[in-house]
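Input: a single structure, listed below in structure tokens.
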Number of protein chains: 2
Amino acid sequence: MARSRHSDALRAAQMYYLQDLTMDAIARELRTSRSTVSRLLSSARETGLVQVQIRSPFETGPELESQIRNQYGVDVHVVPVLDTLNEAETLDRVAMQAARTIGPLVDSNAIIGVAWGATLSAVSRHLTRKVTHDSIVVQLNGAGNMQTTGITYASDIMRRFGSAYGARVEQFPVPAFFDHASTKTAMWNERSVQRILDLQARMSIAIFGVGSVDSDYPSHVYAGGYLDEMDLNKLAADDVVGDVATVFFRSDGSSDGITLNERSTGPSHEQLRQVRRRICVVSGASKINGLQGALAAGLATDLILDEASARRLVSFNGHA
Amino acid sequence: MARSRHSDALRAAQMYYLQDLTMDAIARELRTSRSTVSRLLSSARETGLVQVQIRSPFETGPELESQIRNQYGVDVHVVPVLDTLNEAETLDRVAMQAARTIGPLVDSNAIIGVAWGATLSAVSRHLTRKVTHDSIVVQLNGAGNMQTTGITYASDIMRRFGSAYGARVEQFPVPAFFDHASTKTAMWNERSVQRILDLQARMSIAIFGVGSVDSDYPSHVYAGGYLDEMDLNKLAADDVVGDVATVFFRSDGSSDGITLNERSTGPSHEQLRQVRRRICVVSGASKINGLQGALAAGLATDLILDEASARRLVSFNGHA
DNA sequence: TTCCTTACTGCACGTTTGTGCAAATAGCTT
DNA sequence: AAGCTATTTGCACAAACGTGCAGTAAGGAA
């Protein structure tokens, strides 16, 4: 029976983590084999029954973190990685740690806004389960583009978030950018769209990466058929350095007069800043410019990034 | 340098618990040996840098817990132990789990009231370290008796609490019971005593066991030279079933008219009930009667006890 | 400098833990 | 009941881990 399985996992977890017994001893008490106990414990970790937290007492923690914390006023988690790892490995490690960091922040009745992109995709693959009630995962911005509807890619991300937290998933079935601002206006009056916008307005957590215009490894937005050449030229002319959820900004955080934003489906920066917890995940030193702009715009309350980027971010501001 | 040691421990902990690397891999990244990493991780756990939490989603948890929760309105943690273990082993396991359960509740600026006794002694030996600021550990009741000052015994407990949480320790250098109520009145007007009483009045957490009159394994209070035969007779005549911090109560939780309480140095039940978190630790089925009285008196907000006792507590009330 | 004390490191060994695989069991369908 | 599929279990082996011990480095006193 599934009932006893769950409660066995609980007992095993208590004995293992709280009483420091060996799996062997636990197996004897539960009258089962040691390997079953090993699996019970795995599933206990997997389902979020056991939560490992690292509370970095930041008065003594690495000064990198407190430096960033002070400069930008965000709660920062630096992920230690060797500088020699390649982008993909780094992303994987950052994503894994981001997923575990996000876990404790998610709670029942949360409305979780989720963007899409390579970073979020990686994060979504490492989420640890956690039981919550009446939570909702809502897509922050449309994912359709000129070639595909982009739906499957973004919806995979959303689905993983939803199933990790037992939350209802609300997709946003619109393109990333409209061709005409007037179409957006029209759509924004549709009740089906308003339902999503209403959820977004009530978000308690938002999770996103950043796009950076000059990334070596350009974000999907800049390379994936979402924008045509004219759009890209206009972005350059407007001094855009990056985006969050397909809404663009300049290095100083400003975004006034960037016309492309009028056709974008992501939440305005003003709206985003209303959200209580705004978690930004960044991996890869090439995103520095975008990240700097996003921080200047005050888009994040929590920042999770790799050590190399953290270093560059500090020196970036240091001699700027 | 101690600096790099601490931050290595942090990095190692992040890599081990958040990125799922093996100690071997971490050792290579930190350019040290695997055994050093093992030790770094031990110290990270030891110092509370890593915190393992088990969040029992009680809608599906063992019904024992929710039954007690509903009957007595306390937050309960049942410690799984085989019924066949002896008292000492059970106490040890309960104490270990109690210590880990208490950890997350202790915070900076806390004033922690601590009683003494076999249970608290065991708990104090298993506390996990946690860095806090400006916390104070204050002794709940005097420990002197007719034969000894009881100071070393109780003060060991206090000292362990203090050093685990980096808290200042405030002992209460009075006997457990005065011979004359008038002496107590006099002492209670002394400024040195008032300083302690003032701290007690501002406690945010209180931690105590229960004494049970008919325990097979009688509490120190009933056997240790604290009370003479006349006192014990009077307790029996008053229908006393147990005590918390040397303040007695009856099975229904009442304590009016128990004259011995006028000579006791522990906090009155009324005062104790003012404390936000009141954590009661109980091990051993023979304490059921005392525990039942303590719960009836509403002395605890949190209860940590072994499974066998939990079962007896439920059936006790079931056919009562 | 030399000697002493203390704390840390890596090795080697025994213990503990994860996991592929085959057997067993449970759940369903016909 | 039989037959099928999907899980779950225990075994056995390899991988990962903890710890006593001896060697080494880092301070401190004479």
Side-chain angles (χ1 to χ4, degrees), chain A residues 1-52 54 60 62 80-82 89 92-93 96-97 99-100 125-126 128-129 163, chain B residues 1-52 54 60 62 80-82 89 92-93 96-97 99-100 125-126 128-129 163:
Chain A
M1 40 175 157
R3 186 62 161 291
S4 134
R5 176 162 186 84
H6 190 87
S7 96
D8 273 1
L10 180 65
R11 290 178 62 119
Q14 292 186 79
M15 295 198 247
Y16 190 78
Y17 290 104
L18 266 24
Q19 299 179 17
D20 281 339
L21 302 185
T22 72
M23 294 186 182
D24 216 359
I26 296 170
R28 281 195 296 276
E29 297 213 5
L30 295 184
R31 291 170 211 297
T32 179
S33 76
R34 194 186 51 70
S35 26
T36 297
V37 174
S38 170
R39 283 185 264 253
L40 281 176
L41 290 174
S42 297
S43 87
R45 285 189 297 266
E46 179 63 29
T47 59
L49 212 157
V50 170
Q51 203 100 11
V52 176
I54 296 190
T60 167
V81 284
L82 270 191
E89 287 174 310
D92 208 53
R93 297 239 209 142
M96 190 174 288
Q97 191 153 334
R100 304 226 173 152
R125 256 185 287 271
H126 291 293
T128 49
R129 280 165 192 290
S163 77
Chain B
M1 41 175 154
R3 185 61 161 292
S4 131
R5 178 166 182 80
H6 189 87
S7 94
D8 273 1
L10 180 65
R11 289 178 61 118
Q14 293 187 73
M15 296 198 248
Y16 191 78
Y17 290 106
L18 266 26
Q19 298 178 18
D20 280 339
L21 302 185
T22 71
M23 294 188 182
D24 219 358
I26 296 170
R28 280 194 295 276
E29 297 211 7
L30 296 182
R31 291 172 210 298
T32 181
S33 74
R34 195 185 52 69
S35 23
T36 298
V37 174
S38 170
R39 281 186 265 254
L40 281 176
L41 290 174
S42 296
S43 88
R45 284 189 298 264
E46 180 62 29
T47 61
L49 212 158
V50 171
Q51 202 101 8
V52 177
I54 296 190
T60 166
V81 285
L82 269 192
E89 287 175 310
D92 209 53
R93 297 238 209 143
M96 188 173 289
Q97 190 153 336
R100 305 228 171 151
R125 256 186 285 272
H126 291 293
T128 50
R129 281 167 190 289
S163 76

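Every chain is numbered from 1 and lettered A, B, ... according to where its sequence line falls, protein lines coming before strand lines.
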Closest approach to the side chain of Arg39(B), judged atom by atom: which nucleotide of dA12(C), dT9(C), dT9(D) is it?
dT9(C)

Verdict with supporting geometry, Arg11(B) and Leu30(B), side-chain contact (heavy atoms from CB on, under 4.5 Å):
CA-CA 9 Å; Arg11(B) 289 178 61 118; Leu30(B) 296 182; 3.8 Å; yes

Are Ser33(B) and Thr36(B) close enough, and set up right, to give a side chain to side chain donor-acceptor pair (under 3.5 Å), and what steps lead you there?
CA-CA 5 Å; Ser33(B) 74; Thr36(B) 298; 3.1 Å; yes

note: Leu41(A), atom CG; dT19(C), atom P; distance rounded to Å ~ 13 Å

It should be established whether Ser35(B) places a side-chain nitrogen or oxygen under 4.0 Å from OP1 or OP2 of nucleotide dG10(C).
no

Name the nucleic acid region contacted by Arg31(A), choosing base, sugar-phosphate or nothing; use a 4.0 angstrom heavy-atom cut-off, strictly under.
nothing

Would you mind reporting whether Glu89(A) and Val81(A) have side-chain heavy atoms less than 4.5 Å apart?
no

Report which part of the nucleic acid Ser42(A) touches: base, sugar-phosphate, or nothing (heavy-atom distance under 4.0 Å, all strands).
nothing

Test side-chain contact (heavy atoms from CB on, under 4.5 Å) on Thr128(A) and Glu46(A) and set out the steps.
CA-CA 6 Å; Thr128(A) 49; Glu46(A) 179 63 29; 6.0 Å; no

Given dG10(C), is OP1 or OP2 found less than 4.0 Å from the side-chain N or O atoms of Thr32(B)?
yes

To the nearest Å, how far apart are Leu30(B) CG and dC8(C) C1'?
16 Å

Can you tell me which residue among Arg93(A), Arg100(A), Gln97(A) is in a side chain to side chain contact (heavy atoms under 4.5 Å, CB included) with Gln14(B)?
Gln97(A)

Of all the heavy-atom pairs spanning Ala13(A) and Val50(A), show the shortest one and how long it is.
CB-CG2, 3.7 Å

Is the phosphate of dG18(D) approached by Arg45(B) (side-chain N or O, under 4.0 Å from OP1 or OP2)?
yes

Go through the steps to decide whether Ile26(A) and Tyr16(A) satisfy the test side-chain contact (heavy atoms from CB on, under 4.5 Å), and finish with yes or no.
CA-CA 8 Å; Ile26(A) 296 170; Tyr16(A) 190 78; 3.7 Å; yes

Among residues 19-26 of chain B, which ones have heavy-atom contacts with DNA chain D below 4.0 Å?
Thr22(B), Met23(B)

For the helix from dT1(C)-dA30(D) to dT30(C)-dA1(D), what is the angle between the axes at its two ends, each from 5 pairs, rounded to 10°?
30°

Choose from dT9(D), dG18(C), dG18(D) the nucleotide whose nearest atom is closest to any side-chain atom of Ser38(A).
dG18(C)

Write down the distance between CZ (Arg34(A)) and C1' (dA16(D)), rounded to a whole number of angstrom.
12 Å

Tyr16(B) side-chain N/O to dC17(D) phosphate OP1/OP2 under 4.0 Å:
yes

For Leu41(A) and Met23(A): C-alpha separation, side-chain torsions, deciding distance, then whether side-chain contact (heavy atoms from CB on, under 4.5 Å) applies.
CA-CA 9 Å; Leu41(A) 290 174; Met23(A) 294 186 182; 3.5 Å; yes

Within the structure, does a side-chain N or O atom of Thr36(B) lie under 4.0 Å from either OP1 or OP2 of dG10(C)?
yes

